[in-house]
Number of protein chains: 2
Amino acid sequence: MGLDQNQWSEEEHQAVQRIRKRVIEVVGRNMELYGITLSTGHLYGLLFFADKPMTLDEMGREMQMSKTSMSTGVRTLLDLNMVNKVWEKGSRKDLYEVEYDWYQTFTDYFATQWRRAVESNLQVLRRALKEIDRLLEQPDASEFVVEILTKDRDKIRQAESYYRWLDRVIDAMEDGELYKLVPRES
Amino acid sequence: MGLDQNQWSEEEHQAVQRIRKRVIEVVGRNMELYGITLSTGHLYGLLFFADKPMTLDEMGREMQMSKTSMSTGVRTLLDLNMVNKVWEKGSRKDLYEVEYDWYQTFTDYFATQWRRAVESNLQVLRRALKEIDRLLEQPDASEFVVEILTKDRDKIRQAESYYRWLDRVIDAMEDGELYKLVPRES
DNA sequence: TGTTCTGTACAGTTTTTTCTGTACAAACTT
DNA sequence: AAGTTTGTACAGAAAAAACTGTACAGAACA
């Protein structure tokens with residue numbers, strides 16, 4: 001794992017690796033919550049324990065995967081702000097390390113995902129409401145279609161109300177209100 | 001859409017369908033947030049607008065897909081509590097309708113997903129902590145491995161702290177505390 | 001400027017997921 | 001009890017996603 005192995009025995013190395021591997025395995029798997037691949041999750045776990053920022057080549061060696069895959073994996077993690085690029089003089093390779101502020105990672109991720117969905121949904125719902133209202137204003141609308149349209153409108157309004165709520169939840173996450181409800185430790 | 005089309009003109013039908021289709025398309029796509037397929041998302045959208053509970057055959061006809069797919073799709077949505085099975089005398093087919101309480105759906109889904117991850121992560125982290133402590137107690141541990149183990153332990157403790165927080169967030173969602181921070185409308 | 005090295009684009013392969021048609025068990029009807 | 005009908009299991013086809021190796025542009029160095 002990029003450590004100078006002369007400084008410790010083989011058994012010690014093995015023991016540490018065994019512990020890390022199990023944690024990486026589980027944490028990596030559960031990162032599917034963030035919509036990332038199992039292998040990208042493992043990559044994250046690897047970086048989590050890395051004693052120093054890693055290069056693509058090092059990751060590839062540890063993961064036994066191609067550098068191309070490391071490149072795309074790291075990019076995914078960068079996009080999610082789960083990994084940061086690190087500058088280090090001397091090395092001309094790019095170096096990466098995990099973002100250790102998991103609270104931030106969590107908040108960032110879901111705020112971004114949900115916001116995107118909320119915005120596009122609200123847009124289409126409002127547009128639909130307008131069109132329904134326009135149709136309802138037509139004097140020659142059959143009684144039957146008026147009933148249908150009214151029902152649809154109610155459903156859409158309810159959905160809109162929900163998305164406004166979710167939007168406020170996202171706000172609460174982004175500006176730290178959530179931490180008032182559920183405080184961080186220490 | 002299961003409506004008696006004698007009661008309204010073809011243009012009216014088309015107009016309603018056009019509006020619904022656009023909403024279904026967008027809402028369905030954004031349901032990938034819930035880890036469900038685009039087509040299952042569409043199925044959900046279809047049920048959302050349905051004027052009455054639908055059968056698998058009706059869904060298949062509307063979606064232009066096989067009944068098998070409808071069966072699996074509905075089961076997915078049932079598992080996520082996004083759709084309910086409805087009993088109606090006279091029909092011997094199973095009937096389904098969407099769960100209109102989106103707040104509940106949202107809360108349910110993420111509480112379940114996150115809880116599963118939190119539990120398995122906490123378990124593996126605590127087990128790792130124990131092992132690290134055991135190794136650290138060994139008198140013949142090299143200075144170097146002690147340093148590594150201590151670093152790992154710190155990282156794991158930090159992660160553990162984060163998961164405890166997330167666990168409390170989930171609690172807050174499940175027992176409705178979240179609605180105190182961000183109230184529902186009306 | 002020429003040389004070396006690093007990250008990624010891209011095409012092709014492998015793996016995974018989704019979807020369909022058939023077959024059948026269980027439930028309902030007569 | 002015999003005859004329908006309904007939902008799903010299962011195997012195979014189709015589609016999508018993940019992964020790899022090669023090739024190359026651009027940066028770093030000499």
Side-chain angles (χ1 to χ4, degrees), chain A residues 2 24-25 28-47 50 52-80 82-97 113, chain B residues 2 24-25 28-47 50 52-80 82-97 113:
Chain A
I24 289 173
E25 164 67 28
R29 182 179 326 129
N30 286 132
M31 287 190 67
E32 290 181 4
L33 275 188
Y34 293 104
I36 68 182
T37 299
L38 178 60
S39 63
T40 305
H42 283 167
L43 175 59
Y44 181 88
L46 176 69
L47 289 170
K52 55 175 184 47
M54 291 182 79
T55 68
L56 292 181
D57 287 311
E58 288 167 347
M59 299 176 207
R61 199 176 316 125
E62 292 291 333
M63 299 270 300
Q64 315 233 49
M65 286 178 73
S66 71
K67 193 164 67 157
T68 304
S69 293
M70 295 303 100
S71 178
T72 59
V74 163
R75 197 128 47 109
T76 302
L77 294 172
L78 276 174
D79 289 346
L80 298 173
M82 292 178 177
V83 155
N84 298 311
K85 199 169 190 167
V86 171
W87 290 107
E88 201 167 278
K89 62 187 175 189
S91 168
R92 64 176 180 177
K93 301 190 181 189
D94 294 351
L95 293 164
Y96 302 93
E97 70 179 359
Q113 295 289 310
Chain B
I24 290 171
E25 163 67 28
R29 182 178 327 129
N30 286 131
M31 287 189 67
E32 290 180 3
L33 277 187
Y34 293 103
I36 68 182
T37 299
L38 178 59
S39 63
T40 305
H42 283 166
L43 176 59
Y44 181 87
L46 177 70
L47 289 170
K52 52 177 187 46
M54 291 181 80
T55 68
L56 292 181
D57 287 311
E58 287 166 347
M59 298 176 208
R61 200 176 316 124
E62 292 290 333
M63 299 271 300
Q64 316 234 49
M65 285 178 73
S66 71
K67 193 162 70 156
T68 304
S69 293
M70 295 304 100
S71 178
T72 59
V74 163
R75 195 126 48 106
T76 303
L77 294 172
L78 276 174
D79 289 346
L80 297 172
M82 292 180 179
V83 154
N84 298 312
K85 199 169 190 167
V86 170
W87 291 107
E88 199 167 279
K89 62 186 173 189
S91 168
R92 66 176 181 176
K93 300 190 180 190
D94 294 351
L95 293 163
Y96 302 94
E97 70 179 0
Q113 295 291 309

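Lettering follows sequence order; numbering is per chain, from 1. Predicted, not measured: the structure shown is a model, and the values here were computed from it.
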d([atom1], [X]; [atom2], [N]) in whole Å:
| X | N | atom1 | atom2 | value |
| --- | --- | --- | --- | --- |
| L38(A) | dT14(C) | CG | C1' | 16 Å |
| L56(B) | dG7(D) | CG | P | 5 Å |
| E32(A) | dT17(C) | CD | P | 9 Å |
| M70(A) | dC19(D) | CE | P | 8 Å |
| D57(A) | dG7(C) | CG | P | 7 Å |
| D79(B) | dT8(D) | CG | P | 11 Å |
| L43(A) | dC19(D) | CG | P | 11 Å |
| L95(A) | dA28(D) | CG | P | 13 Å |

Please figure out whether M65(B) or D94(A) has its closest DNA chain C nucleotide nearer the 5' end.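 Per heavy-atom nearest nucleotide, the more 5' residue is D94(A).
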
Taking only N and O in the side chain of [X], is any of them less than 4.0 Å away from OP1 or OP2 of [N]?
| X | N | value |
| --- | --- | --- |
| T68(A) | dT8(C) | no |
| S66(A) | dT20(D) | yes |
| R75(A) | dA9(C) | yes |
| T72(B) | dC19(C) | no |

Compare every heavy atom of V86(B) with every heavy atom of P53(B), then report the nearest pair and how far apart it is. CG-CG1, 4.1 Å

Among dC5(C), dT5(D), dC19(D), which nucleotide sits nearest the side chain of R92(B)?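 The nucleotide sitting nearest to the side chain is dT5(D).
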
Please pick, from dG7(D), dC19(C), dC19(D), the nucleotide with the shortest atom-to-atom distance to any side-chain atom of S39(A). dC19(D)

Measuring only between side-chain heavy atoms, which start at C-beta, is K93(A) closer than 4.5 Å to E88(A)?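 Result no, sub-4.5 Å side-chain heavy-atom pair not found.
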
Quick one: does Y96(A)'s side chain get under 4.5 Å of L56(A)'s, heavy atoms only? yes

When you measure only distances, ignoring hydrogens and angles, does the side chain of S71(A) come within 3.5 Å of the base of dG7(C) through a donor and an acceptor?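 Side chain to base: no pair below 3.5 Å.
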
Quick check: any donor-acceptor pair below 3.5 Å linking the side-chain of K67(A) to the base of dG7(C)?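 Side chain to base: pair found, below 3.5 Å.
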
What does S69(B) touch in the nucleic acid at a heavy-atom separation under 4.0 angstrom: a base, only the sugar-phosphate, or nothing? base

Are E58(B) and K52(B) close enough for a salt bridge, meaning some N to O gap below 4.0 Å?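 Salt bridge between E58(B) and K52(B), a charged N being under 4.0 Å from a carboxylate O: yes.
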
Side chains of S69(B) and S66(B): donor-acceptor distance under 3.5 Å anywhere?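 There is such a pair (donor and acceptor under 3.5 Å, judged by atom type) between the side chains of S69(B) and S66(B).
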
Return whichever of T40(A) or Y96(B) has its heavy-atom-nearest nucleotide of DNA chain D closer to the 5' end.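 Closer to the 5' end of DNA chain D: Y96(B).
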
